[in-house]
There are 2 protein chains.
Amino acid sequence: MEHKMVSIADQIFDELEKAILTGEYERGDILTEIKLSEKMGVSRTPIREALRRLDQERIIENTATGAKVIGITDKDIADIYDIRLRIEGMASFLAAQRRSDEDLQRLKGILDLQEFYTKKDDPDQIKNYDSEFHLALYQICQCPTLLDTLEPLHRKVIKFRKVSVAHPGRAAKSFAEHKAIYDAIAAGDAINAEKLTCEHISNARKSILGE
Amino acid sequence: MEHKMVSIADQIFDELEKAILTGEYERGDILTEIKLSEKMGVSRTPIREALRRLDQERIIENTATGAKVIGITDKDIADIYDIRLRIEGMASFLAAQRRSDEDLQRLKGILDLQEFYTKKDDPDQIKNYDSEFHLALYQICQCPTLLDTLEPLHRKVIKFRKVSVAHPGRAAKSFAEHKAIYDAIAAGDAINAEKLTCEHISNARKSILGE
DNA sequence: ATATGTACATTTGTATACATATATACAAAT
DNA sequence: ATTTGTATATATGTATACAAATGTACATAT
């Protein structure tokens with residue numbers, strides 16, 4: 001029995017991260033531990049922990065007088081894609097070499113759900129399973145450093161305010177690209193998995209940044 | 001007057017990170033907040049904050065029963081170099097395009113000190129200014145995401161236990177490579193700066209991992 | 001008018017008390 | 001013998017009290 005405990009601090013972190021990345025707070029806003037603790041009905045301690053994590057991700061900047069919201073810009077998103085373009089293929093390459101049968105089943109399950117919701121045209125769930133596919137790859141490649149590097153970058157993108165305003169037809173293309181990557185990984189074709197992933201990231205970048 | 005405060009939590013973080021990465025604690029060791037606070041003579045609060053940051057860097061793993069030391073392996077170092085090989089060139093590329101005159105002066109100052117201590121054969125200072133050169137590049141490229149991505153990777157390498165056991169003659173070569181990168185950046189030759197940086201990372205990787 | 005010093009309000013930094021979760025040992029039931 | 005339940009020790013999770021630092025407003029000197 002080892003259910004991972006979800007602490008208040010974790011919830012506060014998710015909540016604040018989302019609020020900032022979706023633009024609910026604007027760049028320059030000052031968040032103070034006291035006001036947040038009153039607003040959210042918890043003590044300063046979990047608030048503080050959440051703010052520290054947000055600071056480490058450069059989403060806010062902690063100062064002696066309060067936490068200044070930094071947020072995320074279009075340039076940041078572009079930078080993230082430039083970086084992912086260079087290393088996410090490495091994850092797929094390794095995943096193709098190292099994936100177990102259980103890994104493949106898991107990936108397939110995610111892919112099936114992405115297809116289901118794509119046909120059903122459910123943007124939230126599409127986004128959810130699109131994201132799950134990438135996160136699964138980060139784990140399957142069995143490179144903790146790559147996981148730790150890519151995961152926060154990815155999280156920023158999926159919580160970015162404009163992510164739902166994707167081009168029409170992008171969902172179907174994205175699924176097709178994931179399917180192709182999956183096939184390459186299932187076949188153990190590392191080189192192709194890497195190439196397809198680079199192309200996928202490149203296409204996703206164009207879509208989210210509006211060409 | 002805005003001297004950045006160095007909190008106890010910051011010091012504890014540095015101390016623990018170094019202790020773990022140099023092998024003072026072994027993988028599997030359990031660190032408890034209470035024992036650490038007694039040992040270090042501070043309360044649990046800053047200890048706790050440091051442990052949270054170490055967890056976020058996957059140097060330890062926080063559990064309900066204590067923090068388990070994960071540490072860093074040769075494979076992790078290899079992975080870090082594989083990743084840096086793919087993105088650190090991007091930093092140099094951008095730095096070459098964006099560097100100001102002040103940036104160049106700063107880089108040159110670091111380079112001169114690296115040369116000085118290389119001739120003096122002072123391993124600690126060589127390592128220090130070698131590191132400073134890279135960190136400066138991360139800042140000069142004006143890409144916060146790249147900085148945040150590369151900085152923790154770099155820090156793990158420089159605190160790694162074997163980093164001082166470099167090949168003889170590596171120090172002089174490393175300086176020469178930095179000089180070449182600097183020249184390319186000073187000349188605004190982004191493509192060459194990127195290429196030279198990739199080669200430099202590749203050489204450093206071979207050196208630290210013993211070919 | 002400008003600069004400087006100082007009190008004050010507000011914030012974060014730290015310590016500590018209390019609440020809750022987890023693992024372990026061990027007794028009891030099967 | 002194995003499983004199950006429970007008491008207990010010990011850890012983290014959270015709340016709160018207090019210390020230290022920072023910025024602002026305002027009085028004062030030049």
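Only heavy atoms go into these numbers, but all of them, side chains included; no hydrogens, no water, no symmetry mates. Letters go in sequence order (proteins before strands), and every chain restarts at 1.
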Enquirer: Quick test: give all pairs of protein nitrogen or oxygen and nucleotides 10-17 of chain C nitrogen or oxygen below 3.5 Å, distance rounded to 0.1 Å.
Expert:
from: C:dT12; atom 1: OP1; to: A:Glu33; atom 2: N; distance (Å): 3.3
from: C:dT12; atom 1: OP2; to: A:Glu33; atom 2: N; distance (Å): 3.4
from: C:dT12; atom 1: O4'; to: A:Ala64; atom 2: O; distance (Å): 3.2
from: C:dG13; atom 1: OP1; to: A:Arg52; atom 2: NH2; distance (Å): 3.3
from: C:dG13; atom 1: OP2; to: A:Arg48; atom 2: NH1; distance (Å): 2.9
from: C:dG13; atom 1: OP2; to: A:Arg48; atom 2: NH2; distance (Å): 2.6
from: C:dG13; atom 1: OP2; to: A:Arg52; atom 2: NH2; distance (Å): 2.5
from: C:dG13; atom 1: N7; to: A:Arg44; atom 2: NH2; distance (Å): 3.1
from: C:dG13; atom 1: O6; to: A:Arg44; atom 2: NH1; distance (Å): 3.0
from: C:dT14; atom 1: OP1; to: B:Ile8; atom 2: N; distance (Å): 2.6
from: C:dA15; atom 1: OP2; to: B:Ser43; atom 2: N; distance (Å): 2.7
from: C:dA15; atom 1: OP2; to: B:Ser43; atom 2: OG; distance (Å): 2.7
from: C:dA15; atom 1: O5'; to: B:Ser43; atom 2: OG; distance (Å): 3.3
from: C:dA15; atom 1: N7; to: B:Thr45; atom 2: OG1; distance (Å): 2.6

Enquirer: Does a salt bridge link B:Glu194 with A:Arg86, judged by any charged N lying under 4.0 Å from a carboxylate O?
Expert: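 Yes.
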Enquirer: How would you list, by chain and number, every residue that makes a salt bridge (charged side-chain N to carboxylate O under 4.0 Å, His left out) with A:Glu38, sequence neighbours excluded?
Expert: none
Enquirer: Please report, rounded to the nearest Å, how far the P atom of D:dT14 is from the CD atom of A:Gln11.
Expert: 9 Å
Enquirer: Do B:Asp112 and B:Lys108 meet the salt-bridge criterion of a basic N to acidic O distance under 4.0 Å?
Expert: yes
Enquirer: For the pair made of CD1 in A:Ile30 and P in D:dG23, what is the distance, rounded to whole Å?
Expert: 11 Å
Enquirer: Taking only residues two or more places apart in sequence, or in another chain, which ones meet B:Asp76 in a side chain to side chain donor-acceptor pair (under 3.5 Å)?
Expert: B:Thr73
Enquirer: Which atom pairs, donor and acceptor, lie under 3.5 Å between side-chain atoms of residues 90-98 of chain B and protein residues at least two apart or in another chain?
Expert:
from: B:Ser92; atom 1: OG; to: B:Thr197; atom 2: OG1; distance (Å): 2.6
from: B:Arg98; atom 1: NH1; to: B:Cys141; atom 2: O; distance (Å): 2.9
from: B:Arg98; atom 1: NH1; to: B:Gln142; atom 2: O; distance (Å): 3.3

Enquirer: Which stems does DNA chain C form, counting runs of 3 or more consecutive Watson-Crick or G-U wobble pairs with both distances under 3.5 Å?
Expert: C:1-30 with D:1-30
Enquirer: Classify the angle between the aromatic ring planes of B:His178 and B:His134 as parallel (below 30°), tilted (30 to 60°) or perpendicular (above 60°).
Expert: perpendicular
Enquirer: Hey, could you give me each pair passing ring pair (Phe, Tyr, Trp, His ring centres under 6.0 Å) that has a residue in residues 106-130 of chain A? Not counting sequence neighbours.
Expert: A:Tyr117-A:Tyr129
Enquirer: Kindly say whether B:Lys127 contributes a backbone atom to a donor-acceptor pair with the side chain of B:Ser131 at under 3.5 angstrom?
Expert: no
